[in-house]
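Along the sequence shown, residues are numbered consecutively beginning with 1. All values reported here derive from a predicted model rather than from experimental measurement.
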Amino acid sequence: MPGDRLTGQDRQHIAAWLAEGLAYAEIGRRLGRPASTIMREVTRNGGPDGYGADRAQEATRHRARRHKQTQPPAPPIPDSGHGRDPQAVQDFTQSFTDLLVQQGLPRMEARVLACLYITDSGALTAADLVQRLRVSPASISHAVAFLEQQGMLRRERVPGARRERYVIDDEIWLPSLLAARQMNDALAAASQRGAEILGVTTPAGARFESSAALLVLVSEAFRQVMEQWRQSLAARNAGRQ
């Protein structure tokens with residue numbers, strides 16, 4: 001399947017098709033892979049004239065073993081005295097990260113966000129993130145800049161120090177939800193305008209009118225949900241005082 005690792009059988013096909021003189025794009029099409037994947041595979045395993053399927057498969061296994069050996073183990077996630085199962089927390093963190101990636105976040109940004117999300121404080125310094133994720137400071141810096149731009153975290157000074165820490169709060173999803181509502185409102189308005197211009201008695205106009213009706217209902221439901229959430233938040237905050 002596209003996105004999975006190449007198999008030994010895939011490599012046998014690549015070797016045979018290279019011998020037939022097929023281009024990377026055609027080989028990729030037959031395997032359901034991007035041409036760039038085929039090009040990288042061939043280039044790092046001897047090139048078009050020296051590519052061998054068995055040799056490429058063994059080289060891949062060797063690289064995988066070497067990466068596994070040199071990869072430091074992930075540090076244990078601090079328990080903070082709550083009696084949590086460290087393995088369960090680690091497994092959840094991984095699955096939550098994968099979910100964020102499926103929703104469109106780049107992998108490193110998703111790892112940083114998940115790492116922050118599972119902390120009780122909701123705040124970590126760059127050094128904390130480097131230690132927990134085993135990545136470079138530059139990777140953390142790029143990820144934090146992206147998440148800050150999206151309104152998913154904020155920076156604050158560590159009290160009594162020059163260092164910054166990165167913070168998330170309970171309203172982490174609010175900016176993206178509000179952006180979705182604004183887009184929905186814009187689509188509803190455009191659909192209503194389209195129905196008026198095309199005429200609701202025509203097939204095209206009726207289509208726009210139907211879309212507008214649905215989008216208006218979604219916007220109204222969203223506003224009601226937001227109002228309920230604000231009331232619930234206010235009641236919860238009052239209860240803590």
Colleague: Is the number of heavy atoms from other residues, nucleotides or ligands under 6.0 Å of His142 NE2 greater than 12?
Modeller: no
Colleague: Once rounded to the nearest 0.5 Å, what's the spacing between atom OH of Tyr51 and atom CG of Leu18?
Modeller: 7.5 Å
Colleague: Any idea which heavy atoms bring Ser139 and Met108 closest together, and the distance?
Modeller: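 Scanning both residues completely, I find the closest heavy atoms to be O-CG, 3.9 Å.
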Colleague: Do Val144 and Val167 belong together in a cluster built from hydrophobic side chains that touch within less than 4.5 Å?
Modeller: no
Colleague: Quick one: does any side-chain atom of Thr43 pair with a main-chain N or O of Met39 as donor and acceptor, under 3.5 Å?
Modeller: yes
Colleague: Among pairs that include at least one residue of residues 193-234, which meet ring pair (Phe, Tyr, Trp, His ring centres under 6.0 Å), considering only residues two or more places apart or in two chains?
Modeller: none
Colleague: Mind checking whether Tyr117 and Leu124 sit in one hydrophobic cluster, side chains of I, L, V, M, F, W, Y counted as touching below 4.5 Å?
Modeller: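 Yes, one cluster joins them.
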Colleague: If you look at every heavy atom in Gly205 and Ala195, which pair is closest and at what distance?
Modeller: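 Answer, listing the atom of Gly205 first, then Ala195: O-CB, 3.6 Å.
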Colleague: Please report the C-alpha distance between Tyr166 and Arg154 in whole Å, then the side-chain angles of each, then the deciding distance to 0.1 Å, and finally whether the side-chain contact (heavy atoms from CB on, under 4.5 Å) criterion is met.
Modeller: CA-CA 6 Å; Tyr166 312 118; Arg154 68 179 189 278; over 6 Å; no
Colleague: Under 4.5 Å between any side-chain heavy atoms of Arg223 and Asp185, yes or no?
Modeller: yes
Colleague: Would Leu22 and Leu6 show up in the same hydrophobic cluster when neighbours are defined by side-chain heavy atoms closer than 4.5 Å?
Modeller: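 The answer is yes; both residues are in one hydrophobic cluster.
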Colleague: Output yes when Glu58 and Arg55 qualify as a salt bridge under the 4.0 Å nitrogen-oxygen rule, no when they do not.
Modeller: no
Colleague: Does the pair Asp98/Arg107 count as a salt bridge with the N-to-O cut at 4.0 Å?
Modeller: yes
Colleague: Okay, side chain of Asp10, backbone of Thr7: is any donor-acceptor separation there less than 3.5 Å?
Modeller: yes
Colleague: Could you identify which residues cluster with Leu215, counting Ile, Leu, Val, Met, Phe, Trp and Tyr as linked when any side-chain heavy atoms lie under 4.5 Å apart, either directly or through a chain of such contacts?
Modeller: Met183, Leu187
Colleague: Any chance you could measure Trp17, atom CH2, to Leu31, atom CG, to the nearest 0.5 Å?
Modeller: 4.5 Å
Colleague: Please check if any side-chain donor atom of Glu220 sits under 3.5 Å from a side-chain acceptor atom of Gln224, or the reverse.
Modeller: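 Side chains of Glu220 and Gln224: pair found under 3.5 Å.
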Colleague: Does atom CZ (Arg163) have a neighbourhood of more than 12 heavy atoms from anything else shown, all under 6.0 Å?
Modeller: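 At most 12 heavy atoms, drawn from other residues, nucleotides or ligands, come within 6.0 Å of this atom.
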Colleague: Would one find more than 12 heavy atoms of other residues, nucleotides or ligands at under 6.0 Å from atom CD of Glu164?
Modeller: yes
Colleague: If I take atom CD from residue Glu209 and atom OG from residue Ser211, how far apart are they, to the nearest 0.5 angstrom?
Modeller: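 One finds 10.0 Å between CD of Glu209 and OG of Ser211.
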Colleague: Going through the checks in order, is the side-chain contact (heavy atoms from CB on, under 4.5 Å) test met by Ile168 and Thr119?
Modeller: CA-CA 10 Å; Ile168 61 172; Thr119 62; 6.0 Å; no
Colleague: Please report the shortest heavy-atom distance between Asn45 and Ala59, naming the atom on each side.
Modeller: OD1-CB, 3.7 Å
Colleague: If every non-hydrogen atom of Asp85 is compared with every non-hydrogen atom of Gln87, which pair is closest and at what distance?
Modeller: OD1-N, 3.0 Å
Colleague: So, using side chain to side chain donor-acceptor pair (under 3.5 Å) as the criterion, who are the partners of Arg11 when residues are at least two apart?
Modeller: Glu41, Gln57, Thr60
Colleague: Minimum heavy-atom separation for Pro48 and Val42, please, with both atom names.
Modeller: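 Looking at all heavy atoms of both residues, the closest pair is N-CG1, 3.5 Å.
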Colleague: Should Leu233 and Leu177 be counted in the same cluster of Ile, Leu, Val, Met, Phe, Trp and Tyr side chains packed under 4.5 Å apart?
Modeller: yes
Colleague: Working to the nearest 0.5 Å, report the span between CZ of Arg181 and CE of Met226.
Modeller: 7.0 Å
Colleague: Does Trp173 share a hydrophobic cluster with Val112, counting links as ILVMFWY side-chain heavy atoms below 4.5 Å and allowing steps through other members?
Modeller: yes
Colleague: Any chance the side chains of Glu227 and Gln231 put a donor and an acceptor closer than 3.5 Å?
Modeller: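 Per modelled atom types, Glu227 and Gln231 side chains form a pair under 3.5 Å.
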Colleague: So how far is it from Gln90 CD to Ile118 CD1, rounded to the nearest 0.5 Å?
Modeller: 9.0 Å
Colleague: Quick check: does any side chain N or O of Ser95 sit under 3.5 Å from a backbone N or O of Phe92, one acting as donor and the other as acceptor?
Modeller: yes
Colleague: Quick one: which of Leu105, Leu100, Val135, Leu129 gives a side chain to side chain contact (heavy atoms under 4.5 Å, CB included) with Arg111?
Modeller: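 Option passing the side chain to side chain contact (heavy atoms under 4.5 Å, CB included) with Arg111: Val135.
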Colleague: How many angstroms lie between CG in Leu198 and CZ in Arg193, if you round to the nearest 0.5 Å?
Modeller: 10.0 Å
Colleague: For residues Ser219 and Asn184, report the shortest heavy-atom separation together with the two atoms involved.
Modeller: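 For Ser219 and Asn184, the tightest heavy-atom pair comes out as OG-ND2, 2.5 Å.
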